[in-house]
2 protein chains.
Amino acid sequence: MANYRKPVANQDGGQIKRKLSAAERRTAYIEGAIRCFSEIGFDASTREIARFLGVTQPLLYKYFPSKEELINEVYRHVYLGRWGKNWASQLHNRAIPIRERLIDFYIDYYRSVFDRDWLRIYLFSALRGAKINKWYVEMLEAQVIRPIALELKRELISTEGQNASEAEVEAVWSLQSSVYYYGVRSLVYEVEPSVDVATMIANSVDSLMAVFPNLSSGREQT
Amino acid sequence: MANYRKPVANQDGGQIKRKLSAAERRTAYIEGAIRCFSEIGFDASTREIARFLGVTQPLLYKYFPSKEELINEVYRHVYLGRWGKNWASQLHNRAIPIRERLIDFYIDYYRSVFDRDWLRIYLFSALRGAKINKWYVEMLEAQVIRPIALELKRELISTEGQNASEAEVEAVWSLQSSVYYYGVRSLVYEVEPSVDVATMIANSVDSLMAVFPNLSSGREQT
DNA sequence: TGTTGCATTTATCATACGATAAAATTATGA
DNA sequence: TCATAATTTTATCGTATGATAAATGCAACA
């Protein structure tokens, strides 16, 4: 960044360079805010955020009209910025056996999404009652949980074109829970689990696949 | 409470009555604080708590030396107040099959511990970095998770007197995760799962029992 | 070089917070 | 009934917060 070569064309290049730089600075402010909010919560003062960024507090108000808007930008970065674009196709790729597919996906998911900052922001926003949190859980069910349930049903029970029962969906939620809570214990509570994440995921997938065929028979919903 | 009969003995009875009443008031303050902290977080102001209790703010300082001490009392009430004293013996009662024992225990555990206030206080205190939270997770592992792993090992693999492997312990954590995250989704995120809690617990227990025998062979730890 | 427009800081405001002291109220016991 | 102690309220302090306006710094351009 130190020896970034200035564009030769002054008029357009200069203006674009300046504008981009301003946008990048704004992004840097958001990312600094993420780290502050992650540590302290959304009650982190604007002065603390500014001090962390090495600027003065009123400057933030030139980039964000209010603290609440800064928080909304943080939401967008955290929730939208880490979603894998090829997860959907990855989950449906029947060239790979379902067990391997699930293990690969959850290892990828865990590495992409879960870290201390993300989980803490996720928890803080949930406790603040942010609508985006409920939205995220619903998206997770629609984009990940239910597709997995369908793929399992097709591979293990070979009933094409049928919907997954609610008990089957809930069983996939159990897998999701295992991965999620493993992350929370390790990254938020800081009680290091004694089994590595890949082993935990493989065992949880096996556990799900072992119980899954028993869930299709019987009642749809109570 | 309106027609509570005063004790006849004035000297002792009167004093005891007054002391008890003061202690009860203090307890009522703690419980009101729990409801405030649960909604707002530990940044709920002492003025808000006092308003919720129908008293003035400085009065709280006659019962608690500081806000931090009030928070500590809240911790004690929340974390220690709901622990079932007979859970340990319940989990070891071999007169009942292990599957039924686990289902009964987790239904009992869910009903006793999980509600909106408890879970939110739990999450808020975890994010504040309260040591009591780490302590709770460690106690859970020692009092619940590891005993369950041992009972499962003895019943499913019939190897008496042997310790549970870390993979086995982690598998029980997966069961715990399913129950926990079910509660969080339902009570904190307010995304109602479509399967009732008893069914979810039964399926999760079956899932654990199905995978458990595969975990004993092989490596102890990686 | 001087001027124009943007970026940043200094100074400030109204409000809310945790906490304390003093006054006022209420209950207790002779 | 009255004095004494316990309980609750009013008044207040110093500090921290979100937000705004005015002043300063600074790079680009002629």
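A note on names: the letters A, B, ... follow the listed sequences, proteins ahead of strands, and every chain is numbered from 1. Just so it is clear, the model here is predicted, and its values are computed rather than measured. Computed over heavy atoms, backbone and side chain alike; hydrogens, waters and symmetry mates excluded.
Nucleic acid contact for B/Tyr63: sugar-phosphate only, since backbone atoms but no base atoms lie under 4.0 Å from a heavy atom of the residue. When heavy atoms are screened at a 4.0 angstrom cut-off, B/Ser45 is found touching the sugar-phosphate backbone but no base atom.
The side chain of A/Glu48 sits closest to D/dT17 out of D/dT8, D/dT17, C/dT9. Comparing D/dA19, D/dA22, C/dA21 by their closest approach to the side chain of A/Ser66 singles out D/dA19.
Using a 4.0 Å cut-off, no side-chain N or O of A/Tyr61 falls inside it from OP1 or OP2 of D/dA21. At least one side-chain nitrogen or oxygen of B/Lys67 sits closer than 4.0 Å to the OP1 or OP2 atom of C/dG18. When the side-chain nitrogen and oxygen atoms of B/Arg47 are compared with OP1 and OP2 of C/dA19, none of them lie within a distance under 4.0 Å.
B/Tyr29 places its OH atom 10 Å from the P atom of D/dT7, with the value rounded to the nearest Å. Straight-line distance from the CD atom of B/Gln57 to the P atom of C/dC17: 9 Å, rounded to whole Å. When rounded to the nearest whole Å, the span between CG of B/Leu70 and P of C/dG18 equals 10 Å. Put simply, CG on A/Leu53 is 17 Å from P on C/dA7, counting in whole angstrom units. One interatomic measurement links the two molecules: CZ of B/Phe64 to P of D/dT7, which rounds to 14 Å at whole-angstrom precision. Rounded to whole angstrom, the span from the CG atom of B/Leu59 across to the C1' atom of C/dG18 amounts to 15 Å. One atom, CD1 of A/Ile49, and another, C1' of D/dT17, lie 12 Å apart when rounded to the nearest Å. Note: NZ (B/Lys62) to P (C/dT25) measures 16 Å, nearest angstrom.
With hydrogens and angles ignored, the 3.5 Å screen pairs no side-chain donor or acceptor of B/Arg185 with any backbone N or O of B/Val191. Side chain of B/Arg146 to main chain of B/Ala164: no donor-acceptor pair is present (N/O by atom type, distance under 3.5 Å, no hydrogens or angles).
Just one residue in the list B/Asp108, B/Asp115, B/Asp117 forms a salt bridge (Lys or Arg N to Asp or Glu O under 4.0 Å) with B/Arg82, and that residue is B/Asp115.
For B/Arg35, the CZ atom counts as loosely surrounded, since its 6.0 Å shell holds 12 or fewer non-hydrogen atoms of other residues, nucleotides or ligands.
Side chains of A/Tyr79 and A/Asn133: a donor-acceptor N/O pair is present below 3.5 angstrom, by distance only.
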